[in-house]
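Since the structure comes first, as structure tokens, the remarks are kept for the end.
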There are 2 protein chains.
Amino acid sequence: MASIPTATVSRLVTYLRILSQLDEAEVTRTSSEHLAGEAHVSAFQVRKDLAYFGKFGTRGAGYSVQTLRQELMRILGLTRPWNVAIVGMGRLGEALAVYPNLARYDFQLTSAFDVDPAKVGREVNGVRIRHADEIPAAVSDLKIDIALLTVPSEAAQDAANALAAAGVTGILNFAPTVIDAPPGAYVEPVDFLAGLKRLSFYIQRSKAKEATT
Amino acid sequence: MASIPTATVSRLVTYLRILSQLDEAEVTRTSSEHLAGEAHVSAFQVRKDLAYFGKFGTRGAGYSVQTLRQELMRILGLTRPWNVAIVGMGRLGEALAVYPNLARYDFQLTSAFDVDPAKVGREVNGVRIRHADEIPAAVSDLKIDIALLTVPSEAAQDAANALAAAGVTGILNFAPTVIDAPPGAYVEPVDFLAGLKRLSFYIQRSKAKEATT
DNA sequence: ATATGTGAATTGATTCACAGCG
DNA sequence: CGCTGTGAATCAATTCACATAT
């Protein structure tokens with residue numbers, strides 16, 4: 001089976017969002033051209049990305065918004081609900097717990113963990129915070145698929161290992177550090193500090209360029 | 001001037017973090033090999049990435065942790081402070097406002113904006129929340145370089161345009177939508193929902209593969 | 001007529017091998 | 001002798017052109 005560029009997967013997510021917006025606006029048909037415009041890529045790119053997975057359009061007429069949206073949801077595994085846990089109930093963990101878009105996309109928050117006894121037992125958005133020691137039992141009981149990892153950097157790798165050992169297959173790592181993917185699990189980093197530093201690089205660079213002209 | 005791959009910039013940020021950790025642990029020297037191990041890339045990659053910017057090591061002896069760290073900070077534009085504003089003081093905005101690592105890296109939170117009159121006037125982490133109407137004046141007065149954009153998707157593009165017009169050169173977009181980079185500004189997306197959907201894709205895919213074996 | 005789907009060409013990034021310097 | 005720095009080779013991704021289907 002052809003291996004899919006990670007950039008393609010990212011773009012599929014973008015196309016899906018655009019299609020959802022079109023669907024909400026009750027637009028029924030679209031084209032690679034239009035999707036490309038909204039996603040800020042080329043129309044070639046859109047068609048090539050879709051071609052990895054099949055043929056979804058009709059020549060001369062473009063794509064059905066509903067059909068393509070359904071197909072992308074199927075490809076991305078978004079037709080079934082995923083059980084999600086938040087690990088690390090600091091400010092970020094809490095902000096995520098009440099984030100309404102999680103449920104909208106069928107990511108169901110089913111549990112939350114922390115090591116702080118002061119937090120254990122409290123409820124956030126209908127979910128009781130458990131002690132991290134309960135991860136093995138709870139992950140298996142609640143069939144948790146994905147963990148949002150919001151613990152401090154130094155605790156991230158151990159937590160990821162424990163989660164994967166307990167059966168979690170996807171980890172969204174918010175800690176500003178690179179962690180090894182434990183056996184059997186995928187890790188996606190979400191590092192906004194890194195994004196800030198990249199911005200710093202580009203801004204500084206454009207200012208340096210200005211100065212030399 | 002050679003154009004730098006964006007992936008290289010991302011990796012430089014990672015190398016810098018590793019060097020900072022080494023420095024804290026009072027390690028004085030390192031090698032492309034070691035940096036590569038920590039960053040989960042090849043040693044070739046490390047050397048090639050650095051080669052875009054100059055020669056920082058001594059052959060046979062590797063790199064001085066302090067020197068390379070300094071150089072990377074210079075390259076990434078992190079030797080000067082950046083003035084940062086948060087635009088959109090919902091839960092995420094608040095979580096960011098109190099995030100201690102911002103200041104640690106010389107990103108100084110100097111202002112915060114929202115459109116909600118109930119929020120305007122309140123203080124968060126020593127910063128008064130202003131009405132979004134004040135953006136043009138405040139950005140210029142406070143010399144704001146970078147905005148953390150945490151408004152709803154539908155407001156993101158307009159806010160970005162307003163910020164850029166007022167003189168902001170870097171925008172970290174937390175809204176789950178693709179926005180155009182307004183003239184004169186760089187945009188970095190931070191979209192954890194997209195990360196979540198990518199995870200969904202990879203998990204679902206590995207499960208499908210298991211089923212066929 | 002029109003817009004998709006796709007092999008071929010091009011561009012870009014990563015890997016490699018080794019020359020060069022300490 | 002060890003490890004960096006770098007041109008050359010490989011590999012991957014994007015772009016293109018056009019044949020194809022409606």
Side-chain angles (χ1 to χ4, degrees), chain A residues 1-16 18-19 22 27-72 75 178 198 201-202, chain B residues 1-16 18-19 22 27-72 75 178 198 201-202:
Chain A
M1 192 177 276
S3 91
I4 313 296
T6 60
T8 289
V9 179
S10 295
R11 285 190 298 263
L12 291 179
V13 171
T14 304
Y15 306 151
L16 174 57
I18 296 162
L19 287 161
L22 288 173
V27 176
T28 58
R29 299 202 67 79
T30 187
S31 64
S32 58
E33 200 76 43
H34 179 254
L35 289 171
E38 292 291 313
H40 298 100
V41 298
S42 69
F44 310 123
Q45 188 76 78
V46 173
R47 298 204 296 274
K48 180 67 87 183
D49 286 336
L50 295 176
Y52 282 108
F53 301 95
K55 307 174 185 190
F56 307 109
T58 39
R59 294 173 190 232
Y63 304 90
S64 151
V65 168
Q66 286 226 353
T67 310
L68 187 54
R69 177 162 179 272
Q70 292 288 322
E71 289 290 344
L72 283 182
I75 290 165
V178 178
R198 285 194 296 271
F201 171 79
Y202 289 114
Chain B
M1 190 177 278
S3 92
I4 314 296
T6 60
T8 289
V9 179
S10 295
R11 285 190 299 262
L12 291 180
V13 171
T14 304
Y15 305 152
L16 174 58
I18 295 161
L19 288 161
L22 288 173
V27 176
T28 57
R29 300 202 66 80
T30 187
S31 64
S32 59
E33 200 76 43
H34 179 253
L35 289 171
E38 293 289 314
H40 298 101
V41 298
S42 70
F44 310 122
Q45 188 75 79
V46 173
R47 297 204 295 275
K48 180 65 87 184
D49 286 337
L50 296 176
Y52 283 108
F53 301 95
K55 305 174 187 192
F56 307 110
T58 38
R59 293 172 193 234
Y63 304 90
S64 150
V65 169
Q66 286 226 353
T67 310
L68 187 54
R69 178 161 178 273
Q70 292 289 322
E71 290 290 344
L72 283 182
I75 290 165
V178 178
R198 284 194 297 271
F201 171 79
Y202 290 114

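Because the structure is predicted, anything quoted here is derived from the model rather than measured. Just the heavy atoms: all of them, side chains too, but no hydrogens, waters or symmetry mates, feed the values below. Naming convention: chains lettered A, B, ... in sequence-line order (proteins, then strands); numbering from 1 in each chain.
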Report summary line: Result for 5'-nearest mapping on DNA chain D, choosing between Phe56(B) and Ala61(A), is Phe56(B)
**Report entry** Distance below 4.0 Å between Tyr63(B) side-chain N/O and dG5(D) OP1 or OP2
**Finding:** yes
Report task. Look at all strands and tell whether Ala7(A) reaches a base, only sugar-phosphate, or nothing, counting heavy atoms closer than 4.0 Å. Result -> sugar-phosphate
Requested in this report: Please state whether the phosphate of dT4(D), meaning OP1 or OP2, lies under 4.0 angstrom from any side-chain nitrogen or oxygen of Ser32(B).
Outcome: yes
Report task. Between dT20(D), dG5(D), dT15(C), spot the one nearest the side chain of Gln45(B), thanks. Result -> dT15(C)
Query - Of the listed nucleotides dA13(D), dA17(D), dA3(C), the one nearest the side chain of Phe44(A) - result: dA17(D)
Query - dA3(C) OP1/OP2 closer than 4.0 Å to side-chain N/O of Ser31(A) - result: no
Query raised in the report: Has the side chain of Ser64(A) got a donor or acceptor atom that lies under 3.5 Å from a matching backbone atom of Thr67(A)?
Result: yes
Query - Atom-pair distance (CZ on Phe53(B); C1' on dG5(D)), nearest Å - result: 15 Å
Query - Closest nucleotide among dT15(D), dT6(C), dT20(D) to the Lys55(A) side chain - result: dT6(C)
Query raised in the report: Hey, is the side chain of Arg47(A) pairing donor to acceptor with the base of dG5(C) inside 3.5 Å?
Result: yes
Requested in this report: Would you classify Arg11(B) as touching base, sugar-phosphate or nothing, given that sugar-phosphate means primed atoms plus P, OP1 and OP2, and contacts are heavy atoms under 4.0 Å?
Outcome: sugar-phosphate
Report task. Measure from CZ on Arg29(B) to C1' on dG22(C) and round the result to the nearest Å. Result -> 11 Å
**Report entry** Under 3.5 Å side-chain donor-acceptor pair for Arg69(A) and Thr30(A)
**Finding:** no
Query raised in the report: Considering heavy-atom distances to DNA chain C, does Lys48(A) or Thr58(A) have its closest nucleotide positioned more toward the 5' end?
Result: Thr58(A)
Requested in this report: Let me know which of Leu22(A), Leu50(A), Thr28(A) forms a side-chain contact (heavy atoms from CB on, under 4.5 Å) with Tyr63(A).
Outcome: Leu50(A)
Query raised in the report: Rounded to the Å, how far apart are Glu71(B) CD and dG5(D) P?
Result: 11 Å
**Report entry** Residue mapping more 5' on DNA chain D - nearest nucleotide basis, Pro5(A) or Gly60(A)
**Finding:** Pro5(A)
Report task. Please state how far atom CD in Glu33(B) lies from atom P in dT4(D), giving the value in whole angstrom units. Result -> 8 Å
Query raised in the report: In whole angstrom, what separates Asp49(A)'s CG from dT15(D)'s C1'?
Result: 12 Å
**Report entry** Euclidean distance, atom CG of residue Leu68(B) to atom P of dT4(D) [Å, nearest integer]
**Finding:** 10 Å
Query raised in the report: Which pair of heavy atoms, one from Val178(A) and one from His40(B), lies closest together, and at what distance?
Result: CG1-ND1, 2.8 Å
Requested in this report: Apply the test side-chain contact (heavy atoms from CB on, under 4.5 Å) to residues Leu35(A) and Leu68(A): give CA-CA distance (whole Å), side-chain angles for both, the deciding distance (0.1 Å), then the verdict.
Outcome: CA-CA 11 Å; Leu35(A) 289 171; Leu68(A) 187 54; 3.9 Å; yes
Query raised in the report: Between dA3(C) atom P and Leu50(A) atom CG, what is the distance in whole Å?
Result: 16 Å
Query - Base of dT4(D) paired with side chain of Arg59(B) (donor-acceptor, under 3.5 Å) - result: yes
